[in-house]
Amino acid sequence: MKKIRVRFAPSPTGPLHIGGVRTALYNYLLARKEGGTFILRIEDTDRTRFVTGAEAYIKEALSWFGMVPEEGPDQGGAYGPYRQSERKERYREQVQMLLEKGKAYRAFDTPEEIAAMKEAWQAKGVHSPKYDAVTRQSMRNSLTLSPSEVEELVASGAPHVVRLLVDPGREVAFEDEIRGEVRFSTSELDDKVLLKGDGMPTYHLANVVDDYHMKITHVIRGEEWLSSTPHHVLLYEAFGWRAEMPVFAHLPLILKPSGKGKLSKRDGAKFGFPVFPMDWEAEDGTHYLGFREAGFLPSAVINFLAFLGWNPGGEQEIFTMEELVEVFTPQNIVKSGARFDYDKALWFNQQHIMKCTVEELYEMVKDRVQSAYGVLDAPYVKEIIPLMQERIKTLNEFVPSTRFFFTEDWAYEAKMIRKKWKEDSPRHLKALKDVLQGLDPFEAPAIEAMVRDFIQENALSFGAIMPLLRIGLTGTMKGPDLYKSMEIIGRERSIQRLERALEAFPAIKAGGQHPG
RNA sequence: GGCCCGUUCGUCUAUCGGUUAGGACAUCGGGUUUUCAUCCCGGAAAGAGGGGUUCGAUUCCCCUACGGGCUACCA
């Protein structure tokens, strides 16, 4: 069997959208699974929408996810260059070939003339007039103008485009891997522009020419391309490449979590979650939140995205990239669009955090700790990590929920103090503090045994002691195992905190009206 | 409007003619725990509608409805 070659072909018009990441992922997965080649091609043919930094962003995102292409602008390869703006000559040559074969023609109409044409035909009762077999005869192109006129216009440098000559009245059919056979009537197709007035190719031309020259075997792309695929098929035919035409697979779109339409870049801000891999500052100053900065693991985003519109059929949901490669089959891609579900993304992230080793998590969390507290004590942080793994959904939660391990600068949750601080409390807490003072070693099992004994000997309940102890030591009722926490905080700080609590709690109890 | 694609719990999905329609997220209830989280147990929750085909349709076909995409010298 022929070696598989797939490409991810984004336009550098802004940050890579999460839908684009999923397209890249499915391409990558197929390539890896079949031992094929994953290629990155930059489709920068629209000079008006070009955004500086977008290409770098795309590459960084791919690399963050671990989807590094084997061929691409940076990697090179036998079929380069991999940036369409650097391939202009090829497109021009290929278009010349089409022109000579009579499969394409030059059109000199201005946008205004085309708009006028559409209006005129609409007035005549044509539902959706387009530049096609019924209208092109009344336009200014190399089909209607005399050869000498055309020659003159071209020689004088008159701006014009090259259009594909679509013959009406026949059917174009192709097999889509996901949807089965799809048919279109060529009578519904317009004469697509192939070469723009500025000499740049359109997507349709560049895409087909490049896929052919780069020996692409499978085109896996978003569903928004399904409608233009018949044009692409026609182009392969016009070039005489029908036998080498790649297999098409059109992916369902990712939809907004609520409401209508596909997920757009504005939805992130609107719904309060990231829709981009990483942060991005737009030229107009708009800030777009990234999954990375929101505290997501790349493996979790990949896992989440893989399952939006695909699933391996079994009960397992948590997969590493390697495992996904193992089980991925394009046949299991779903046909219908999938709604973006942020809660599920958080769940995947939590699951992946739980699966991490301490070392892995340390690497992901150290910069956050460093910038929050200015110092970084690696062994100390690594002691804390296991305690937090199953109680944070994002990496960003690590710092705020471990504050009491790193600083004395935090407030008491007053509500519980008011509820639990009774007449006997000071005496008990003080006694407990004294026993702790003499405890050796100051380690979780010993602390736990001691506290249990203390409660039993004084005929107390856990509820009378533990909440006060926890609040006094950590300030909050939420948190990891208290005994282990005390071990990490250490005897000295624990004692100091209890002394501080002994002083502060009565006042908090008295000032009952203060909000928690 | 036209063309194309789609339609199973709120959401992501399994089912490839015969199932009590399964799982996951979210949600609700209970248990474990010093708290939170994790974990465990349990509940509620779905085949858009109408016609066919068939002994039998969620599954195959048609129609309608609804949703989505495209309809640019954007990709």
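This structure is a prediction, so every number in the text was calculated from the model and none was measured. Lettering follows sequence order; numbering is per chain, from 1.
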> Side chain of Lys262(A): nearest nucleotide among rC70(B), rA26(B), rC73(B)?
Replying inline: rC70(B)
> Phosphate oxygens OP1/OP2 of rG1(B): is one of them under 4.0 Å from a side-chain N or O of Lys130(A)?
Replying inline: no
> How long is the line joining CG of Leu473(A) and P of rC36(B), in whole Å?
Replying inline: 18 Å
> Please give, in whole Å, the distance from rU35(B) P to Phe404(A) CZ?
Replying inline: 16 Å
>> I want to check one thing: is the phosphate of rU71(B), taken as OP1 and OP2, less than 4.0 Å away from some side-chain N or O of Lys192(A)?
In response: no
> Atom CZ of Phe50(A) to atom P of rC73(B): distance rounded to whole Å?
Replying inline: 23 Å
> What pairs meet the side-chain hydrogen bond (donor to acceptor under 3.5 Å, both in side chains) rule with one or both residues in residues 456-469 of chain A, with sequence neighbours excluded?
Replying inline: none
>> Rounding to an integer number of Å, can you tell me how far Gln389(A) CD sits from rC39(B) C1'?
In response: 15 Å
> What is the distance from CG of Leu253(A) to P of rA75(B), rounded to the nearest Å?
Replying inline: 18 Å
>> Any strand counts, and the cut-off is 3.5 Å on both contacts for Watson-Crick or G-U wobble. Which nucleotide pairs with rC70(B)?
In response: rG2(B)
What are the atom names and distances for every N/O pair under 3.5 Å that joins the protein to nucleotides 3-5 of chain B?
residue: rC5(B); atom: O2'; partner: Arg179(A); partner atom: NH1; Å: 2.4
residue: rC5(B); atom: O2'; partner: Glu223(A); partner atom: OE2; Å: 3.3

> In Watson-Crick or G-U wobble terms, both distances under 3.5 Å, what is the partner of rU20(B)?
Replying inline: none
> Does Glu181(A) pair with Arg183(A) as a salt bridge, N-O distance under 4.0 Å?
Replying inline: yes
> What is the base-pairing partner of rA65(B), counting Watson-Crick and G-U wobble geometry with both distances under 3.5 Å?
Replying inline: rU7(B)
> Are any of Arg452(A)'s side-chain N or O atoms less than 4.0 Å away from OP1 or OP2 of rU34(B)?
Replying inline: yes
> With both distances under 3.5 Å as the test, what is the Watson-Crick or G-U wobble partner of rU15(B)?
Replying inline: none
> Between Phe273(A) and Phe340(A), is the gap from one ring center to the other below 6.0 Å?
Replying inline: yes
Any protein N or O atoms within reach of nucleotides 9-14 of chain B? Criterion: under 3.5 Å, listing atom names and distances.
residue: rC12(B); atom: OP1; partner: Arg339(A); partner atom: N; Å: 3.0
residue: rC12(B); atom: O2'; partner: Phe307(A); partner atom: O; Å: 3.0
residue: rU13(B); atom: OP1; partner: Gly309(A); partner atom: N; Å: 3.0
residue: rU13(B); atom: O3'; partner: Asn311(A); partner atom: ND2; Å: 2.7
residue: rU13(B); atom: O2'; partner: Asn311(A); partner atom: ND2; Å: 3.1
residue: rA14(B); atom: OP1; partner: Asn311(A); partner atom: ND2; Å: 3.4

> What residues, two or more places apart in sequence or in another chain, satisfy side-chain contact (heavy atoms from CB on, under 4.5 Å) together with Pro330(A)?
Replying inline: Leu30(A), Phe328(A), Ile333(A)
> How about Phe404(A) and Trp410(A): are their ring centroids closer than 6.0 Å?
Replying inline: no
> Between Arg41(A) and Glu43(A), does at least one N-O distance fall below 4.0 Å, as a salt bridge requires?
Replying inline: yes
>> Need the pair for rG42(B). Rule: Watson-Crick or G-U wobble, both distances under 3.5 Å, any strand; none if unpaired.
In response: rC28(B)
> Among His232(A), Arg7(A), His218(A), whose side-chain hydrogen bond (donor to acceptor under 3.5 Å, both in side chains) with Asp211(A) holds?
Replying inline: Arg7(A)
For nucleotides 59-63 of chain B, list the nitrogen or oxygen atoms of the protein found under 3.5 Å from its nitrogen or oxygen atoms, one pair per line.
none

Restricting both atoms to N or O, compile the protein contacts to nucleotides 41-48 of chain B shorter than 3.5 Å, with distance only.
none

